[in-house]
Chemist: 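If you scroll down you'll find the structure; I have some questions about it.
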Amino acid sequence: MMRLSVLQHAEAVPEEMDPDRPLTPWGWEQMGRLSITLGSKGIRVHRLLHSGKTRARQTAEILAPKVLPGGVVEEREGLKPKDNPDGF
């Protein structure tokens with residue numbers, strides 16, 4: 001059986017501040033805390049995918065050390081907000 005978990009990125013700066021929308025300092029802290037919580041509960045994943053958007057990549061990279069030890073975060077087509085989810 002395969003399980004699929006979907007997680008939205010942490011808080012990002014408004015588009016007016018930066019069109020690339022990286023995580024805010026609070027977003028970094030949010031994901032740091034979540035990664036520690038998940039890691040302490042023994043949550044592990046076999047793959048960690050992101051859409052390629054800066055905020056999604058940053059979120060995945062913060063989580064990876066705790067939930068994907070030794071693994072590599074992967075960019076994947078089809079994960080952007082307006083993409084058709086049928087590929088999954």
Side-chain angles (χ1 to χ4, degrees):
M1 173 171 69
M2 180 178 84
R3 291 184 189 195
L4 174 66
S5 298
V6 179
L7 176 74
Q8 185 174 2
H9 61 81
E11 182 181 81
V13 301
E15 189 171 11
E16 304 80 48
M17 278 181 71
D18 184 340
D20 201 33
R21 301 205 55 218
L23 297 182
T24 63
W26 174 238
W28 282 92
E29 186 175 332
Q30 286 176 309
M31 275 304 117
R33 288 181 182 190
L34 180 60
S35 71
I36 290 168
T37 299
L38 294 174
S40 71
K41 294 185 180 292
I43 304 296
R44 299 294 180 270
V45 298
H46 297 287
R47 295 179 75 187
L48 188 52
L49 310 173
H50 68 84
S51 67
K53 290 183 175 277
T54 298
R55 58 194 175 271
R57 179 185 44 78
Q58 290 173 328
T59 296
E61 289 173 348
I62 294 167
L63 288 171
K66 299 292 186 187
V67 302
L68 185 69
V72 177
V73 173
E74 304 171 54
E75 183 176 338
R76 167 84 187 255
E77 291 293 321
L79 294 177
K80 292 189 174 128
K82 294 182 181 179
D83 288 343
N84 184 335
D86 288 346
F88 283 91

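Heavy-atom basis, side chains included; hydrogens, waters and symmetry copies ignored.
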Chemist: If you take all heavy atoms of Gly52 and His50, which pair is closest and at what distance?
Modeler: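 Reported closest heavy-atom pair: N-ND1, 2.9 Å.
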Chemist: Step by step, would you call Leu7 with Leu34 a side-chain contact (heavy atoms from CB on, under 4.5 Å)?
Modeler: CA-CA 11 Å; Leu7 176 74; Leu34 180 60; 4.1 Å; yes
Chemist: Could you pull out the closest heavy-atom pair between Arg44 and Leu38, with the gap in Å?
Modeler: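 For Arg44 versus Leu38, the nearest heavy atoms are NH1-O, 4.3 Å.
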Chemist: Can you check whether Ala10's main-chain N or O pairs, donor with acceptor, with Gln30's side chain at less than 3.5 Å?
Modeler: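 A pair under 3.5 Å: no.
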Chemist: Just by distance, do the side chain of Arg21 and the backbone of Val13 share a donor-acceptor pair under 3.5 Å?
Modeler: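 It does hold such a pair.
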Chemist: Please find the pair of heavy atoms, one from Gln58 and one from Leu23, that lie closest to each other, and give the distance.
Modeler: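 Minimum heavy-atom separation between Gln58 and Leu23: OE1-N, 2.8 Å.
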Chemist: Counting N and O atoms only, with roles assigned by atom type, does the side chain of Arg47 sit under 3.5 Å from a partner on the main chain of Val72, one being a donor and the other an acceptor?
Modeler: no
Chemist: Please say yes or no: joined through hydrophobic side-chain contacts below 4.5 Å, possibly via intermediate residues, are Val45 and Leu63 part of one cluster?
Modeler: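 Same hydrophobic cluster.
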Chemist: Looking at every heavy atom in both Gly32 and Ile62, which two are closest together, and how far apart are they?
Modeler: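 Here Gly32 and Ile62 meet closest at N-CG2, 3.7 Å.
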Chemist: Side-chain heavy atoms nearer than 4.5 Å, only ILVMFWY residues, links allowed to pass through others: does that put Leu79 and Leu68 together?
Modeler: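 They do not share one cluster, since no chain of ILVMFWY contacts under 4.5 Å joins Leu79 to Leu68.
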Chemist: Search all heavy atoms of Lys53 against all heavy atoms of Pro81 and return the closest pair with its distance.
Modeler: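 That would be CE-CD, 3.7 Å.
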Chemist: CD of Glu75 to OG of Ser51: how many Å apart, nearest 0.5 Å?
Modeler: 7.5 Å
Chemist: So, Asp20 side chain and Pro22 main chain: donor-acceptor pair closer than 3.5 Å or not?
Modeler: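 No; judged by distance alone, with no hydrogens or angles, the pair does not exist.
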Chemist: Taking a hydrophobic cluster as the set of Ile, Leu, Val, Met, Phe, Trp and Tyr residues connected by side-chain heavy atoms closer than 4.5 Å, whether directly or through intermediates, do Ile43 and Met31 fall within one such cluster?
Modeler: yes
Chemist: Minimum heavy-atom separation for Ala12 and Arg55, please, with both atom names.
Modeler: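 In this case the closest contact between Ala12 and Arg55 is CB-CD, 3.6 Å.
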